[in-house]
2 protein chains.
Amino acid sequence: MTGSTRQHILDVTADLLRDTAVESVSVRDVCQAAKITAPTLYHHFGDKRGLLDAVAAEGFARYLAEKQGHEPSEDPLDDLKAGWDRHIRFGLTHPVFYVLMYGGTRAREHPSAREGLQVLHGMLVRLAEQGRLLVTPDDAVPTIHSACVGTTLTLVAEPDAPAHAGLSRRVRDAVLAAVVKQEQPAGQGTDAALPDTARALLATLSAHREPPLSAGERLLLTELLTRLASTPTGGPAD
Amino acid sequence: MTGSTRQHILDVTADLLRDTAVESVSVRDVCQAAKITAPTLYHHFGDKRGLLDAVAAEGFARYLAEKQGHEPSEDPLDDLKAGWDRHIRFGLTHPVFYVLMYGGTRAREHPSAREGLQVLHGMLVRLAEQGRLLVTPDDAVPTIHSACVGTTLTLVAEPDAPAHAGLSRRVRDAVLAAVVKQEQPAGQGTDAALPDTARALLATLSAHREPPLSAGERLLLTELLTRLASTPTGGPAD
DNA sequence: CCGGTCATGTAACGACGATATACGGAAGGG
DNA sequence: CCCTTCCGTATATCGTCGTTACATGACCGG
């Protein structure tokens with residue numbers, strides 16, 4: 001049972017961390033609670049930070065599993081909102097873990113956090129495939145994520161403040177409104193979205209006498225847009 | 001010379017903190033650098049956290065002073081945007097201070113942070129007096145603040161990530177759009193529509209892996225669209 | 001039965017945050 | 001002028017922290 005003690009230490013540390021601030025949990029406390037000695041702990045985790053990272057990674061993995069678990073929805077926007085709410089709820093349920101992961105500067109170093117961003121990216125790509133995104137997924141990811149983390153930290157700091165009632169929903173809808181197209185025009189799906197958007201840009205472009213383009217660039221752009229606008233309903237990638 | 005040693009310790013600590021992580025700065029380091037002994041430090045600050053709080057408070061006070069310094073503007077919305085930008089810039093200029101103040105759970109306990117929130121509240125009240133607020137100032141304060149802190153933390157963690165270009169402006173405008181009534185300057189509709197439409201096409205394009213374009217054409221189109229999308233329309237950020 | 005690797009325990013080191021105690025000098029009343 | 005009081009600083013030390021050198025035992029292929 002090699003992995004048993006390791007998992008046991010992980011569980012005990014998580015228990016201690018559930019109701020004690022991270023700076024007040026010492027290696028000795030963990031050892032005493034897990035009924036092991038210091039070198040055992042260091043043999044498995046090498047470092048105190050290694051232990052905390054492992055604990056945080058496990059907590060985050062569980063959150064990710066839940067996130068990816070019930071994801072099948074027909075509307076990616078609903079998934080996005082649900083993902084936001086789950087993120088907030090995770091922070092409120094495991095405040096110590098959350099601050100451990102997102103509070104400091106080390107947030108992005110966590111591979112689990114990277115994976116979480118990738119899940120977000122996937123949702124946005126699906127939204128973009130339906131032509132409902134106002135910015136590129138690469139731009140939308142840090143936008144949504146930054147706002148979500150900031151909101152969660154605020155709520156974790158003062159969960160019961162009356163001023164924070166409805167805060168999450170407010171920030172969420174504000175950010176999403178700036179990123180996804182709210183009302184869907186006639187053409188549904190990815191096939192119609194590309195030519196429609198290209199046509200819209202063509203129209204807008206024609207109304208501008210002085211766009212920041214040279215005459216040649218403008219000609220080139222018009223030609224490309226025309227090609228896109230007249231695209232037959234060819235089935236693009238999925 | 002009563003406050004001299006105290007101020008000296010403060011300055012030295014700030015210097016050490018400017019290029020050393022907070023967890024790597026010990027009381028002994030500060031004492032050695034300031035050429036004093038431990039009891040002197042404890043006499044003035046009582047605690048290590050007391051020292052760090054005092055240092056952070058001083059840094060924040062300086063930021064607040066600058067914030068309140070050049071505030072006279074005719075449009076409160078401009079003040080709001082400028083305040084956001086200053087907050088971000090402060091975080092990027094003093095990353096250690098910033099994480100010290102806003103990273104953990106202790107942010108709201110800082111009296112200086114409270115004062116910063118009050119400045120924000122004041123701006124929003126002025127905006128509300130002009131009937132340009134969509135929510136109450138009490139609701140708007142945590143909304144804006146949460147998003148701003150989250151954005152700053154993201155930028156502090158990875159300041160030079162290409163994915164973070166324009167992030168601050170994007171989140172800022174998203175949150176502000178949801179909180180203040182956007183007045184549409186007459187006749188400027190098409191000017192603003194051009195970058196928006198270009199951005200929309202850019203986003204739609206990113207979802208298509210096989211558009212009816214060659215790789216070179218796609219690259220060219222993306223470049224032109226990016227130029228159009230970044231056309232300055234209203235308030236440039238950075 | 002042996003040599004080696006792995007997991008764990010014993011005991012200790014150095015650095016840390018924090019303090020009890022004492023010294024020294026300036027302020028002020030006699 | 002001296003004595004008291006109080007504040008700032010220094011000496012020396014405490015208990016705890018994260019960490020590790022070293023020893024012990026269990027298991028396993030040869």
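The figures here come from the full heavy-atom set of this structure, side chains too, leaving out hydrogens, waters and symmetry mates. First the proteins, then the strands, lettered A, B, ... as listed; each starts at 1.
Between A:H44 atom NE2 and C:dC6 atom P the separation is 13 Å, expressed in whole Å. When the P atom of D:dC14 is taken as reference, atom CZ of B:R28 falls 14 Å away, rounded to whole Å. One can place NZ of B:K48 at 8 Å from P of C:dA18, the figure rounded to the nearest angstrom. At whole-Å resolution of the value, CZ in A:R6 and C1' in C:dC6 are 15 Å apart. Taking atom CZ of A:F45 as the reference point, atom P of D:dT19 lies 13 Å away to the nearest angstrom. One atom, CZ of A:R49, and another, P of D:dG18, lie 13 Å apart when rounded to the nearest Å. Between the NE2 atom of B:H8 and the C1' atom of D:dG8 there is a distance of 16 Å, rounded to whole Å. If you take CD of A:Q32 and P of D:dT16, they are 12 Å apart, rounded to a whole angstrom.
OP1 or OP2 of C:dT8 sits under 4.0 Å from a side-chain N or O of A:T5.
Using a 4.0 Å cut-off between charged nitrogen and carboxylate oxygen, A:R18 and A:D15 count as a salt-bridge pair. For the pair B:K81 and B:D75, the salt-bridge criterion is not met [side-chain N within less than 4.0 Å of a carboxylate O].
If you take CH2 on B:W84 and CZ on B:R89, they are separated by 14.0 Å, rounding to the nearest 0.5 Å. To the nearest 0.5 Å, atoms OG1 (A:T151) and NE2 (B:H145) are separated by 11.5 Å.
You'll find the side chain of B:I36 reaches within 4.5 Å of the side chain of B:I9, heavy atoms only.
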When the side chains of residues 56-64 of chain B are checked against the rest of the protein, which donor-acceptor pairs come out under 3.5 Å, sequence neighbours left out?
from: B:E58; atom 1: OE1; to: B:Q7; atom 2: NE2; distance (Å): 3.3
from: B:E58; atom 1: OE2; to: B:Q7; atom 2: NE2; distance (Å): 3.2
from: B:E58; atom 1: OE2; to: B:R62; atom 2: NH2; distance (Å): 3.0
from: B:Y63; atom 1: OH; to: B:K67; atom 2: NZ; distance (Å): 2.9
from: B:Y63; atom 1: OH; to: B:H87; atom 2: ND1; distance (Å): 3.3

Using the 3.5 Å cut-off, write out each protein N or O paired with an N or O of nucleotides 23-26 of chain D and the distance between them.
none

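Near DNA chain C, meaning a heavy atom under 4.0 Å away, the residues from residues 36-43 of chain B are B:P39, B:Y42.
No more than 12 heavy atoms of other residues, nucleotides or ligands shown are found within 6.0 angstrom of CD on B:Q118.
Of all the heavy atoms in B:K48 and B:Y42, the pair that sits closest is N-CE2, 4.4 Å.
Considering only side-chain atoms of B:D47, the nucleotide from C:dA18, C:dT8, D:dT19 that sits closest is C:dA18.
Although no hydrogens or angles enter the test, the distance criterion places no donor-acceptor pair under 3.5 Å between the side chain of B:R170 and the main chain of B:H164.
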